[in-house]
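First up is the structure itself, then whatever we jot down about it.
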Amino acid sequence: MSLCCGEGSGGLQALLGQPVLMSRGVVFLPLQMSWHPQYRSSKFRHVYGKAASKDKCYDCVPITRNVHDNHFCAVNPHFIAVVTECVGGGAFIVIPIQQTGKLDPHHPKICGHKGNVLDVKWNPFNDFVIASCSEDASVKIWDIPKHLLTRNITNPKKELLGHVRKVDLIEWHPTANNILFSSGYDYKIMIWNLDTREAVISNPVKVLDAHKDVVLSMSFNTDGSLLATACRDRKIRLIDPRAGTVLQEASYKSHRVNKVLFLGNMKKLFSTGTSRWNNRQIALWDQNDLSVPLLEEDLDGSSGLLFPFYDSDTRMLYVAGRGDGNIRYYEISPEKPYLNYLMEYHSHLPQKGIGMMPKRGLEVSACEIFRFYKLIPTKSLIEPISMIVPRRSESYQEDIYPLTTGAQPALTAQEWLNGFNKGPLLVSLRPGSGAVNSLPQFLEAEPLRKTTDLSQHRGQGGRLPLADMQKRSEMEDSRKQLQPEKKLRKNEQTHLSNGFDLSECPPPKTENELLQMFYRQQEEIRRLRELVNQRDIQIKQLELELKNLYMDIGSY
């Protein structure tokens, strides 16, 4: 090898402005120009999947053989619910999360449906309430006992009768309490308000009739003000659920969508589907423009459906294929290239469905950032798979566990129906941490709430003296604050909720009694948190009414 300064290299040298190495007609550029490493810093680069050992799995579970495109599994920190085989109707079983190993063949079932159960979803704000839908065109709400199940449950807490054909999809609202969405083969999405005393509800609060075929997937944005749907007509729709209007519609011919998912607050949608040549495909969309995807990528030629899962805390996206044992995972970035492939979890056992544990049920001491529950019907097995960030330290890792969605609702059902938007109440996964409230917001097109009592006591010209207004506001605040305190004192004088008396309850003698006491205490803590949360919401409402009143006075 020699430095050549002849005509062959002179032009290249003049162009580059530095010496050029040549050998046998091959040009070698200097090292600093030919090699530019493109490293992307990420704390999740080396995340790996770890399957649970045999004794930590759930064995001998009669998983359904239904071929419907659903997960057939729902998980929360207390229970795992799985749709099962049942003669003479539809049923699912609820297994305590700690009850691993072989399942009793006579394990009690929830079997009140007359047709096959197609979907089950836990209430995100009550770990002991679950919804199910079935081919019998009904949706049922069930109370799961806080003690171990001893017999079959056949009577639901509530029954929702509005669909005329089978119901295959249900979703709870992410921030409002007791708001449930259901979709059926009548091409309708129905919104239900469960804050009623009736056991049978026949009239939904809203019916969304924007689809011309079966809805395959539903997903909410963070505060639940927008709903994205994937339909069998291969279109993605972005819907305002309270107004019932379609804001955006994608009819991109080369991507036939099956599942759609909101990516947190990034104003992007992710979808899985197939290409024109029936390759499995993923696509990324701009929420404000669904005409053309931002990104489109073919994965493989398999035929199984792709289930997407998104973790907004870590911005990690997981794609699991039905019929194969692999789980691909990516990291989402707000700018190009948007989707950064990390790794793939491989397994030789195919999955029929898959459930996911909420973040508050993870094992933070093991740096676990996600957990799947994989249904393997060929072995009647449910296998937990943990996604772990490798860290040497056993202390709490603040950087991989930001504030996450808690188990308390941000709004009541009526507040959401009246036009309030509010992000989820956030909690820290650090032991002993509490909730962090997010402020409510109005819809942009929603008029300000009218004041009730204050407007009736204005003085001349529609004005209210400032001193009287302040005095009345203080009285309202004190009255609102006293209400939950009175309820709490009343409960303390008699018993705590669900019959649990701390002073008279003897210490537990068996593991079952200890478990019952633990569940009752958890329920009591949840109830007290709800009281505090309701008081915060009332304070915010009064502040908004006071602000509206100041604006009215200023207009005069």
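Heavy-atom basis, side chains included; hydrogens, waters and symmetry copies ignored.
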According to the interplanar angle, ranging from 0 to 90°, do the rings of Y252 and W285 count as parallel (below 30°), tilted (30 to 60°) or perpendicular (above 60°)?
-> perpendicular

Minimum-distance pair of heavy atoms, taken over all atoms of Q351 and G321 | NE2-O, 2.9 Å

Q281 meets the side chain to side chain donor-acceptor pair (under 3.5 Å) criterion, sequence neighbours left out, with H255, E296, D298

Can you measure from CG (L160) to CG (L194) and round to the nearest 0.5 angstrom?
-> 6.0 Å

Any side-chain heavy atom of F79 sitting closer than 4.5 Å to one from I144?
-> yes

All salt bridge (charged side-chain N to carboxylate O under 4.0 Å, His left out) counterparts of D324, not counting sequence neighbours = R280

Count the heavy atoms belonging to other residues, nucleotides or ligands that lie under 6.0 Å from NE2 of H346, then report whether that count exceeds 12.
-> yes

Not counting sequence neighbours, list each pair that qualifies as a salt bridge (Lys or Arg N to Asp or Glu O under 4.0 Å) and has a residue in residues 258-267.
-> none

R322 meets the salt bridge (charged side-chain N to carboxylate O under 4.0 Å, His left out) criterion, sequence neighbours left out, with D69

Within-4.5 Å side-chain heavy-atom neighbours: R315 and D311 = no

Among F220, F125, W192, which one satisfies ring-ring contact (aromatic ring centres under 6.0 Å, His included) with H173?
-> F220

In terms of side-chain heavy atoms, does R242 have a donor or acceptor partner in N421 at a distance below 3.5 Å?
-> yes

Which heavy-atom pair separates S333 from N340 by the least distance, and what is that distance?
-> OG-ND2, 3.5 Å

When you check the gap from the basic side-chain N to the acidic O, do K422 and D223 get nearer than 4.0 Å?
-> no

Any salt bridge between E398 and R430, counting N to O under 4.0 Å?
-> yes

Aromatic rings Y401 and Y396: how do their planes relate, parallel, tilted or perpendicular, breaks at 30° and 60°?
-> parallel

In short, P241 meets L208 closest at the heavy-atom pair O-CD2, 3.4 Å

Single hit among V292, L269, L294 for side chain to side chain contact (heavy atoms under 4.5 Å, CB included) with D286 | L294

Examine the side chains of T272 and N258 and answer whether a donor and an acceptor come within less than 3.5 Å of each other.
-> no

Evaluation steps, side-chain hydrogen bond (donor to acceptor under 3.5 Å, both in side chains), between N326 and E344 = CA-CA 7 Å; N326 301 342; E344 184 173 352; 3.1 Å; yes

Go through the structure and list residues passing side chain to side chain donor-acceptor pair (under 3.5 Å) with S291, not counting sequence neighbours.
-> D289

Given ring pair (Phe, Tyr, Trp, His ring centres under 6.0 Å), test W122 with F128 step by step and report yes or no.
-> CA-CA 8 Å; W122 288 105; F128 302 95; 8.1 Å; no

Restricting to pairs with a member in residues 118-130, which pass salt bridge (Lys or Arg N to Asp or Glu O under 4.0 Å), not counting sequence neighbours?
-> D119-K121, K121-E171, D127-R360

Separation of L425 CG from T404 OG1 (nearest 0.5 Å) = 12.0 Å

Nearest 0.5 Å, what's the CG-CG distance between L411 and N177?
-> 9.5 Å

Is there a donor-acceptor contact under 3.5 Å from the side chain of S134 to the main chain of N116?
-> yes

For K352, salt bridge (charged side-chain N to carboxylate O under 4.0 Å, His left out) partners two or more places apart | none

I would like to know whether Y310 and F270 meet ring pair (Phe, Tyr, Trp, His ring centres under 6.0 Å); could you show each step before the answer?
-> CA-CA 9 Å; Y310 182 65; F270 179 82; 8.8 Å; no

F181 and side chain to side chain contact (heavy atoms under 4.5 Å, CB included): which partner among V215, I189, L169, V139?
-> I189

For residues 46-62, run the donor-acceptor check on the side chains, cut-off 3.5 Å, and write out each pair with its distance to 0.1 Å, sequence neighbours left out.
residue : atom : partner : partner atom : Å
S53     : OG   : D55     : OD1          : 2.5
Y58     : OH   : I97     : O            : 2.5

Residue pair I400 / R391, side-chain heavy-atom distance below 4.5 Å = yes

Pairs touching residues 376-386 that satisfy side chain to side chain donor-acceptor pair (under 3.5 Å), sequence neighbours left out = E368-S386

Separation between NZ (K235) and NE2 (H211), nearest 0.5 Å, reads 10.5 Å

Using the side-chain contact (heavy atoms from CB on, under 4.5 Å) rule, take L403 and V427 through it: C-alpha gap first, then chi angles, then the decisive distance, then the call.
-> CA-CA 5 Å; L403 295 178; V427 297; over 6 Å; no

State, to 0.1 Å, how close Y341 and M343 come at their nearest heavy-atom pair, and which atoms those are.
-> OH-C, 3.4 Å

For this output row, return yes or no: ring centroids of Y329 and Y345 closer than 6.0 angstrom.
-> no

So, the side chain of H71 versus the backbone of I354: is there a donor-acceptor pair under 3.5 Å, distance only?
-> yes

For the atom pair CD1 (I332) and CG (L284), what is the distance rounded to the nearest 0.5 Å?
-> 6.0 Å

Is there a donor-acceptor pair under 3.5 Å between the side chain of Q99 and the backbone N or O of P96?
-> no

Could you walk me through whether D300 and N279 pass the side-chain contact (heavy atoms from CB on, under 4.5 Å) test, one step at a time?
-> CA-CA 6 Å; D300 53 39; N279 292 325; over 6 Å; no

Say whether, by atom type as modelled, one donor and one acceptor occur between the side chain of N221 and the main chain of S225 under 3.5 angstrom.
-> yes

At their closest point, which heavy atom of I170 faces which heavy atom of S182, and how far apart are they?
-> CG2-CB, 3.9 Å

Residues in side chain to side chain donor-acceptor pair (under 3.5 Å) contact with T405, at least two apart in sequence or another chain | none

Ring-ring centroid check F372 F309, cutoff 6.0 Å | yes

CG on L317 to CG on L339, rounded to 0.5 Å = 6.5 Å

Mind checking salt bridge (charged side-chain N to carboxylate O under 4.0 Å, His left out) for K374 and listing every partner two or more places apart, or none if nothing turns up?
-> none

W172 meets the side chain to side chain donor-acceptor pair (under 3.5 Å) criterion, sequence neighbours left out, with none

Do S219 side-chain atoms and F262 backbone N/O form a donor-acceptor pair below 3.5 Å?
-> yes

Show the numbers, then the answer: is there a side-chain contact (heavy atoms from CB on, under 4.5 Å) between I236 and S271?
-> CA-CA 9 Å; I236 297 175; S271 65; 3.9 Å; yes

Heavy-atom pair with the smallest gap, counting every atom of F72 and V117 = CE2-O, 4.3 Å

Determine whether the side chains of Y330 and R328 contain a donor N or O and an acceptor N or O closer than 3.5 Å.
-> no

